Protein chains: 2
Amino acid sequence: MQFEVDAHRADRPAGRIRQQNEKLILEAAEQEFARHGFKGTSMQQVADRAGLPKANIHYYFNNKLGLYYAVLANIIDLWDSTFNELSADDDPAVVLPRYIATKIEFSRKYPQASRVFAMEILSGGPHLSQYFQQDYRDWFRSRAAVFEQWIAAGKMKAVDPAHLIFLLWGATQHYADFAVQIEAALGQQTLAPEVFDTATETLTEIILTGCGIRR
Amino acid sequence: MQFEVDAHRADRPAGRIRQQNEKLILEAAEQEFARHGFKGTSMQQVADRAGLPKANIHYYFNNKLGLYYAVLANIIDLWDSTFNELSADDDPAVVLPRYIATKIEFSRKYPQASRVFAMEILSGGPHLSQYFQQDYRDWFRSRAAVFEQWIAAGKMKAVDPAHLIFLLWGATQHYADFAVQIEAALGQQTLAPEVFDTATETLTEIILTGCGIRR
DNA sequence: GTCTATATGTGGATAGAC
DNA sequence: GTCTATCCACATATAGAC
């Protein structure tokens, strides 16, 4: 799962100042893109948040699309790393709880990243077309195959692997993407750490029991 | 759970032509807001999709915000109706599968509505502040109380009710909001009806077993 | 009720002084 | 490398003819 993007970034030597400013801009851009999506975000907003003149954003990233791709690439890198760790040799009773905990931890630590990705998908994923290629389907099938082997080995009940994966994704990312609604429901201004802990416990309990891994 | 909005809509008599055009505009607006969010959507796009001149949109809905509130209000009406049907007297083994099926059916029939709501939440919910008031928290607690009574009555295992609700929401809405990713993973251009059927079965099986309602 | 024309602001992007 | 000034396209919104 690669996501080529450097073509859109300005091609200049990478000095100290450059690295520092790029980081500043990328963080500001992630915030803005998470709230307003690609079309809804203005370069001026990004510049204001980064504390730099608008022209500097264009100096470091050729254009708005280049900036957006750079933000997306960071997120995808972050994403793919975890899910590839599951293997058929593992015991699902050990690695599934770990996976759920990791995903919830992502929602806690990088909510903005999760939201940028969610916004892009909601928009129809026009900037992820090369990411969602045949390769992606193959990758997904190989991940689903792990669950099939666990089922064949009697390590878990025969549930549809694809939909189990969607359940894992949907339930965990919900804590980042819908944080505002959860905050309103629980009457908290920002989600307390315990919320994420209880979420992990509850999800783990229900899913592992539901898949016949625990009883 | 009320969501007052008529103040933002143009206040004129409701003739036949008006009703027809308003419906046309609201449907077009829902499509556009679902893809680009509030800030990212232009009145021109809405007008083009509705097949009307831009000025007519302003004639029927005073301004962009009024149009957006009208779209949001439709969605919220649709939303609240289902979840209120769960009651402590019911048998969760009967009504929970029905609730899951209804929510998945919503994702199938009204994906755009789900996405407009998701976009709004991702944006920080600035236009739902009056909806996410104290009332909302009280409403949520009363819904969670139903699960607590089921637990007290020995009808299900003691899982955290709030997080069970978030699981139900997150897992079901995922099929509308992340349809593009699911399509890519399954190698389908648009999700086949069987996908939603299998989703319902799999979710029902895992969650009911996970909650000790089935074994 | 409908639609053209337009007023006024903000969008992305760049030229060019420093 | 940095930032002001500016170009031009497009945004929301409205005036006013029909």
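Throughout, protein chains are lettered first and strands after them, A, B, ... in sequence-line order, and every chain is numbered starting at 1. A quick note: this is a predicted structure, and the numbers were derived from the prediction, not measured.
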Discussion item. Tell me whether the side-chain N/O atoms of B:Asn63 come closer than 4.0 Å to OP1 or OP2 in D:dT14.
Written reply: no

Fill in: Rounded distance (Å) that lies between atom C1' of C:dC3 and atom OH of B:Tyr60
12 Å

Response to the item:
Between CD1 of A:Ile25 and P of D:dT2 the distance, given in whole Å, is 9 Å

Discussion item. Nearest to the A:Gln45 side chain among C:dT2, C:dG11, D:dA13, which nucleotide is it?
Written reply: C:dG11

Worksheet, complete the sentence: Of the candidates D:dT12, C:dC3, C:dT2, the side chain of B:Ile17 sits closest to C:dT2

Worksheet item: Counting only side-chain N and O atoms of B:His58, is one of them less than 4.0 Å from OP1 or OP2 of D:dA13?
Response: yes

Response to the item:
Taken to the nearest whole Å, NZ/A:Lys39 to C1'/D:dA11 is 10 Å

Fill in: Gap between atoms CZ and C1', on A:Phe38 and C:dG11 respectively (whole Å)
12 Å

Worksheet item: B:Phe61 CZ to D:dT14 P: how many Å, rounded?
Response: 16 Å

Item to complete: Please work out whether the ring planes of A:Tyr136 and A:Phe132 are parallel, tilted or perpendicular, with thresholds of 30° and 60°.
Response: perpendicular

Fill in: Residue-phosphate contact under 4.0 Å: A:Asn62 side-chain N/O, C:dG12 OP1/OP2
no

Fill in: Options C:dG12, D:dA13, D:dT4, nucleotide nearest the side-chain atoms of A:Ala55
D:dT4

Item to complete: Report the distance from atom CG of A:Leu24 to atom C1' of D:dT2, rounded to the nearest whole Å.
Response: 14 Å

Worksheet item: Does any non-hydrogen side-chain atom of A:Asp177 lie less than 4.5 Å from one of B:Asp177?
Response: no

Discussion item. Is it the case that over 12 heavy atoms from other parts of the model lie below 6.0 angstrom from the CZ atom of B:Arg141?
Written reply: no

Fill in: Nearest-Å distance for atom pair NZ/C1', residues A:Lys54 and D:dC7
11 Å

Practice prompt. Output the single nucleotide from C:dA13, D:dC3, C:dG11 whose closest atom is nearest the side chain of A:Leu52.
Written response: D:dC3

Worksheet item: Donor-acceptor pair, B:Ser107 side chain versus B:Thr172 backbone, under 3.5 Å?
Response: yes

Discussion item. Out of the candidates B:Glu32, B:Glu22, B:Met43, only one should pair with B:Leu67 under the side-chain contact (heavy atoms from CB on, under 4.5 Å) rule; please name it.
Written reply: B:Met43

Fill in: Nucleotide nearest A:Ser42 (side chain, heavy atoms from C-beta), chosen from C:dC3, C:dG11, D:dC3
C:dG11

Response to the item:
Taking C:dT2, C:dG11, D:dG1 as options, the one with an atom nearest any side-chain atom of A:Arg18 is D:dG1

Worksheet entry | Proximal nucleotide (of D:dT12, C:dT2, C:dG12) relative to the A:Lys64 side chain | C:dG12

Worksheet entry | Euclidean distance, atom CG of residue B:Asn56 to atom P of D:dA17 [Å, nearest integer] | 18 Å

